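The structure appears right after this line, and notes come after that.
Throughout, a chain's letter reflects where its sequence line sits, starting with A, and its residues are numbered from 1. All values derive from a computational prediction rather than experimental measurement.
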There are 2 protein chains.
Amino acid sequence: MPAGKAKRALQVAQAIVSDIQLNAREAGDRLPQEEDMLARYEVARATLREALRFLELQGVIQLQLGRGGGPVVSRPQTRDFASSLSLILQFMDTDLRALLELREAIAPDMAAKAAARATNADLAALSDCYAQLERDRETAGFEETNRRFHDLLGWASGNPTFGLLTSALHLLTRDLAMELGYSAQERAGQLRCLARVLNAVRLRDADGARRHMERLVKGSSEYLAARSPELVTQKVRWGDPG
Amino acid sequence: MPAGKAKRALQVAQAIVSDIQLNAREAGDRLPQEEDMLARYEVARATLREALRFLELQGVIQLQLGRGGGPVVSRPQTRDFASSLSLILQFMDTDLRALLELREAIAPDMAAKAAARATNADLAALSDCYAQLERDRETAGFEETNRRFHDLLGWASGNPTFGLLTSALHLLTRDLAMELGYSAQERAGQLRCLARVLNAVRLRDADGARRHMERLVKGSSEYLAARSPELVTQKVRWGDPG
DNA sequence: ATCGATTAATGCTTATACGTTTTTATGGCT
DNA sequence: AGCCATAAAAACGTATAAGCATTAATCGAT
């Protein structure tokens, strides 16, 4: 059991994270430079650097080079989480079908919560995004805009975890299903469902939003399974998170 | 641009993962020691150590100290994923309520899928776990066994992602609600619900399993909220990743 | 044969020196 | 005075070596 002693560098990393949290550091704020941190945490420079590089890998900070540079507070993004997720899923031999199922389980509840809690700003953003979706219905940007719509819906749900998960799942799914596009007919069907979801959210109709979203994601999964049966059995692989 | 260099550690990490998969390394196998890896990947020591640290936190390897030590292949466990999750959730200011909501969204579907797909081996494991739960109903081990039950249910659902998420959420919830135990009465109620879920799974009653699980997690959430209203607004914090 | 002390291998931390990148200041030229 | 180029400085980045800490393997005494 490694519970006996945590590694010094990780202890320092945790201390830095605590410091960021306690001092309410925002993204973009500069942290103390190396010299000051050396005195503050009483470690050697290599140890401090290991902690800093570790946090950089996790997306917590960014290291800027040159004079006036130093550690800058960042915010772990969806892709950082998606990277961690895909790594563990690779070792669990998870396939695309599992990802789609999870999305089917989460997305309807997310839509319901969004209907109950969306602010006016959320609604405006969703409407804008939907308008662009209709404009992009036959262009290559459709997928990205589609992902953004689900992302916005997640944030509108008032629960960051929904947005985090659905967005990460979308990224991983797209990694696997990249070569396979959607037909125009399928896209039209998706747009109809999305319109119904959006309308239900506007009307604060949680149950309607849930049902229409359920139909949307189920339809999407079935479409992929029908188009390419081998695709849904493809295993998740830890892709380059850059 | 540090982007090219910063990803070097990730490239090395990916190479190590590929090596593990290609050579079909099992958990417990030893990887080459640091010196050999330095020559193999032609990177600086700090970079290699960064890659190894990253993989250690993700649970892919363990770094064992001392003679005959070195990097040892492991298998990412739920707690490794929970650690990564908690780090990003901390920076999203996620509170306990959000975790509970997510669990409410996932657990019912997981139970339904388990009812549809559980093998006989799964059922046997679940029954054993439930029996131990009844034995542990008034001991400190109850929570851990409870978590294991959800983990098993996830595997029984045929979709590892369900088990991974619910189990990780359980761990994080427990970290926050540690001081606040469950009353004997509440535990008895949870046990009754679990028994109904287990029975529904045995009978292949997907809808029943979903309903009973929904009631279980909803009840658990409401219990916590009633016992300590401040608790559910507590923020997730990155716990000790050892 | 078993248990305890010794030894060796290995990662962890520290220490120091030098290289790189960016900002800032200087200084001569127009 | 104003402007561009070059040099200096401030900060991080990389590299190497040495000692410390920890643990497995080994050896020896009971």
Notebook entry, point to check: What residues, two or more places apart in sequence or in another chain, satisfy side chain to side chain contact (heavy atoms under 4.5 Å, CB included) together with A:Ala51?
Noted result: A:Val12, A:Ala13
Notebook entry, point to check: In whole angstrom, what separates A:Ile61's CD1 from D:dC12's P?
Noted result: 11 Å
Notebook entry, point to check: B:Glu35 CD to C:dT10 P: how many Å, rounded?
Noted result: 9 Å
Next item on the list: Output the single nucleotide from C:dG11, D:dA9, D:dC12 whose closest atom is nearest the side chain of A:Arg67.
Entry: D:dA9
Notebook entry, point to check: Does a side-chain N-to-carboxylate-O contact under 4.0 Å join B:Asp19 and B:Arg40?
Noted result: yes
Checklist line | Whole-Å distance separating the CZ atom of A:Arg30 from the C1' atom of D:dA10 | finding: 11 Å
Notebook entry, point to check: In this structure, which one of A:Glu42, A:Met37, A:Arg53 forms a side chain to side chain contact (heavy atoms under 4.5 Å, CB included) with A:Leu48?
Noted result: A:Met37
Item checked: Distance, rounded to the nearest Å, where B:Gln64 contributes CD and D:dA21 contributes C1' -> 16 Å
Next item on the list: Using whole Å, report how far CD of B:Gln33 lies from P of D:dT23.
Entry: 18 Å
Item checked: Base-contact (B) and sugar-phosphate-only (S) positions in nucleotides 12-18 of chain C, heavy-atom cut-off under 4.0 Å, - elsewhere -> SBB--B-
Note to self: Using the ring centroid of each side chain, check whether B:Tyr223 and B:Tyr182 are separated by less than 6.0 Å.
What the structure shows: yes
Next item on the list: Could you note down all residue pairs passing salt bridge (charged side-chain N to carboxylate O under 4.0 Å, His left out) where residues 117-133 of chain A supplies at least one of them, sequence neighbours left out?
Entry: A:Arg117-B:Glu101
Note to self: Once you measure the plane-to-plane angle for A:Phe54 and B:Trp238, does it fall in the parallel (<30°), tilted (30-60°) or perpendicular (>60°) bin?
What the structure shows: parallel
Note to self: Tell me the interatomic distance from A:Leu38, atom CG, to D:dC12, atom C1', rounded to whole angstroms.
What the structure shows: 12 Å
Checklist line | Integer-rounded Å distance: C:dG11 C1' and B:Met37 CE | finding: 13 Å
